[in-house]
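A short worksheet on the structure shown next.
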There are 2 protein chains.
Amino acid sequence: MTTIRDISRLAGVSVATVSRTMSNPDKVSPATREKVEAAIRETGYMPDMSARNFSTRKSKTIVVLVPDISNPFFSRVIRGIEHTAQRAGYSVLLGDTRGESEIEDSYASMVRARLADGVIQLNGRLPMENGAVADIPLVNACDCVEDARIPKIQLDNAGAARAMTEYLVSLGHRRIGVTKGPSESRLTRERLRGYRAALEAAGLPFDEGLIARGDFSASSGRHAATQLMALGKPPTALFCLSDEMAIGAMHSVWEMGLKVPDDISIVGFDDILFAEYCKPPLTTIRQPAEEFGSKAMGMLLSLLQGAHLAETSQHLPYEMVIRQSAGRPKA
Amino acid sequence: MTTIRDISRLAGVSVATVSRTMSNPDKVSPATREKVEAAIRETGYMPDMSARNFSTRKSKTIVVLVPDISNPFFSRVIRGIEHTAQRAGYSVLLGDTRGESEIEDSYASMVRARLADGVIQLNGRLPMENGAVADIPLVNACDCVEDARIPKIQLDNAGAARAMTEYLVSLGHRRIGVTKGPSESRLTRERLRGYRAALEAAGLPFDEGLIARGDFSASSGRHAATQLMALGKPPTALFCLSDEMAIGAMHSVWEMGLKVPDDISIVGFDDILFAEYCKPPLTTIRQPAEEFGSKAMGMLLSLLQGAHLAETSQHLPYEMVIRQSAGRPKA
DNA sequence: GTGAAAGCGCTAACAA
DNA sequence: TTGTTAGCGCTTTCAC
């Protein structure tokens, strides 16, 4: 293997000079620089990054904790992260945690083991609750904890849910069912808050029985919808707190022989790719997924450069995407 | 920071002994082992993996090259990889290459830079064509190159496509359109080969005009279908070489006011999650995605242990999943 | 602008 | 069974 020593010998300079031409070319005279570069070219030398990282006590790697990598919304977020990470010379280590805290913790401890410089958590939970959190560079995105010490970036979930509910109300709906995610998740709580606020503003009652629990997956949406539609007095519209659940709900309703939106309106949240390809195309809230990723990575980058970001909480804009899955309720 | 030195002092042993208790506990007497473990517990010491990796000249990391991370089929493959990697103590670095060879190359060269020990390529292309390939541990999965030097694991794509085509023929179809992927991709070529074989066996002509090109994405499927349906004599069935394209095709056909499968049959390939949720549910070929991932990782692991795997080419079984998107052609 | 040399934290001969 | 010690390949003072 070619090492920096070989290059230094070949170019007739010291290893320090070789090191400099690689990281601070302007600290080296053009003449020697040329000699070194020639030697590098000639040998096809590639520096041992593992040695460099060891020496600089950096890994140039960050880990992202994602509850479910096959969720289409997250894949877009990840792509945003990867893109800006790459431009800054960072690699991203993917941790598919399935929401399990031990897995989250084990990934997070990679920064203590110097295998990673920081972490982006896409789930509303702090890895290694017990204090350790303070000293690892961490940003929380999408689903966020309330902890003020952690810089975070999220949607105005309550506002978005409120807007969607108001839209449904404006269409004439009075009984709006909800398929929610896990109740621990702040996402669920915030969206539910927006839903209630809209109801209240419209003078409509909040009916606990209209809320069914899911876990954001299509199959859970299917079950939740089935359950809601079996009610004595079923809702005329379904607000699914994720597009995947909405797709599951549409399927369930279709199996029951009902038509969307004629018999029942269904709306989602996220605007994943398939929302557009639903039959009928799904009305939903668009989240700027890639931007979530790139902004989160940007924050982590400044954190890594020593910025003091605690108390930072950024919001990203949502957008209502009206397609054809919601209409007026039947007379 | 606590280092191995600190532990050795605290336990009153040498650093070598500390190192041994961590990696070869049985080479250390119970008494000293206990002392060392106590010191480790007391200090909360965590070994610097970056130093260990540097010293052992391993990274315990592999990179997986995936053309599109938001493709639901790949996310499942990745999950399979991650799972078995984790059990073997490896981390996985995700490289979303968007099919671009420079990105593939730059990721692959992480092995040379000692940032990774090996790579799994999910795309039918060899990174760093120019020879370098021979000396990096690499396994090729899903979409494979023909190069015999590379261990590979794939589906019997031709067989699967043939089976699906035969099914369509058995339903009475005589004009079967195809939306294919990029023609460079071996996936496309193999599946097309199966399609032609089935046609031939049934004594049906092969009509080049019935083949439309896509890139496996939903939007490309939509365009391809539109194009095919605009033919003077359109096909009565569409064999889309990916579920995403099939979903796009169903959408296109729906926009034209046609019914699936009454007016046109549509089938896919992959059996992604949403295939089941289509309207009507999509008839398709199921690929064992997670298994692709775990098997590929398993191969890479043995490669990394020095096994000689060239010429290895494993096949995984497909499964026809008959749902409701294909039926008899209109009279 | 350049070089000598001291680490970085660990592993692995080798010796005892 | 345990300790001594020489690296691993690079970066980074500190002199010159």
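The chains referred to below are lettered A, B, ... by the order of the sequence lines, with proteins before strands, and numbering in each begins at 1. Just so you know, these numbers use all the heavy atoms, side chains as well, and skip hydrogens, waters and symmetry mates.
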Atom-to-atom span, [atom1] of [X] to [atom2] of [N] - whole angstrom:
{"X": "A:M49", "N": "D:dG9", "atom1": "CE", "atom2": "C1'", "result": "13 Å"}
{"X": "A:F54", "N": "C:dA6", "atom1": "CZ", "atom2": "P", "result": "17 Å"}
{"X": "A:K58", "N": "C:dC8", "atom1": "NZ", "atom2": "P", "result": "16 Å"}
{"X": "B:M1", "N": "C:dG7", "atom1": "CE", "atom2": "P", "result": "17 Å"}
{"X": "B:I7", "N": "D:dT2", "atom1": "CD1", "atom2": "C1'", "result": "18 Å"}
{"X": "B:K35", "N": "D:dT2", "atom1": "NZ", "atom2": "C1'", "result": "10 Å"}
{"X": "B:D48", "N": "D:dC8", "atom1": "CG", "atom2": "C1'", "result": "13 Å"}
{"X": "A:R9", "N": "C:dG3", "atom1": "CZ", "atom2": "P", "result": "14 Å"}

Requested in this report: Would you indicate whether B:R87, at its atom CZ, is surrounded by more than 12 heavy atoms from other residues, nucleotides or ligands within a distance under 6.0 Å?
Outcome: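 No, not enclosed.
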Query raised in the report: Is the count of non-hydrogen atoms from other residues, nucleotides or ligands lying under 6.0 Å from B:K60 atom NZ greater than 12?
Result: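 More than 12 heavy atoms, drawn from other residues, nucleotides or ligands, come within 6.0 Å of this atom.
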Report task. Heavy atoms only: give me the nearest B:G99-B:N123 pair and the separation to one decimal. Result ->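 Result for this residue pair: CA-ND2, 4.0 Å.
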Query raised in the report: How sharply is the helix from C:dG1-D:dC16 to C:dA16-D:dT1 bent, taking the axes over five pairs at either end and rounding to 10 degrees?
Result: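 It works out to 30° between the end axes.
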Requested in this report: Summarise how protein sits on nucleotides 11-16 of chain C as a single string, 5' to 3': B when a protein heavy atom is under 4.0 Å from the base, S for sugar-phosphate-only contact, - for no contact.
Outcome: SBB---
So, [X] and [Y], do they make that salt bridge, N to O below 4.0 Å?
{"X": "A:R79", "Y": "B:D68", "answer": "yes"}
{"X": "B:D105", "Y": "B:R125", "answer": "yes"}
{"X": "B:E34", "Y": "B:R41", "answer": "yes"}
{"X": "B:K295", "Y": "B:E290", "answer": "no"}

Is there a side-chain contact between [X] and the phosphate of [N], meaning an N or O under 4.0 Å from OP1 or OP2?
{"X": "B:T32", "N": "D:dT2", "answer": "yes"}
{"X": "A:Y45", "N": "D:dC10", "answer": "yes"}
{"X": "B:S29", "N": "D:dT2", "answer": "yes"}
{"X": "A:T17", "N": "C:dT2", "answer": "no"}

**Report entry** Residue pairs passing the ring pair (Phe, Tyr, Trp, His ring centres under 6.0 Å) test where at least one lies in residues 48-83 of chain B, sequence neighbours excluded
**Finding:**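 Sorted result for residues 48-83 of chain B: A:F54-B:F54.
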Query - Exam field: side chain A:T56 to backbone A:R52, donor-acceptor pair closer than 3.5 Å - result: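 Yes, A:T56 side chain to A:R52 backbone: donor-acceptor pair under 3.5 Å.
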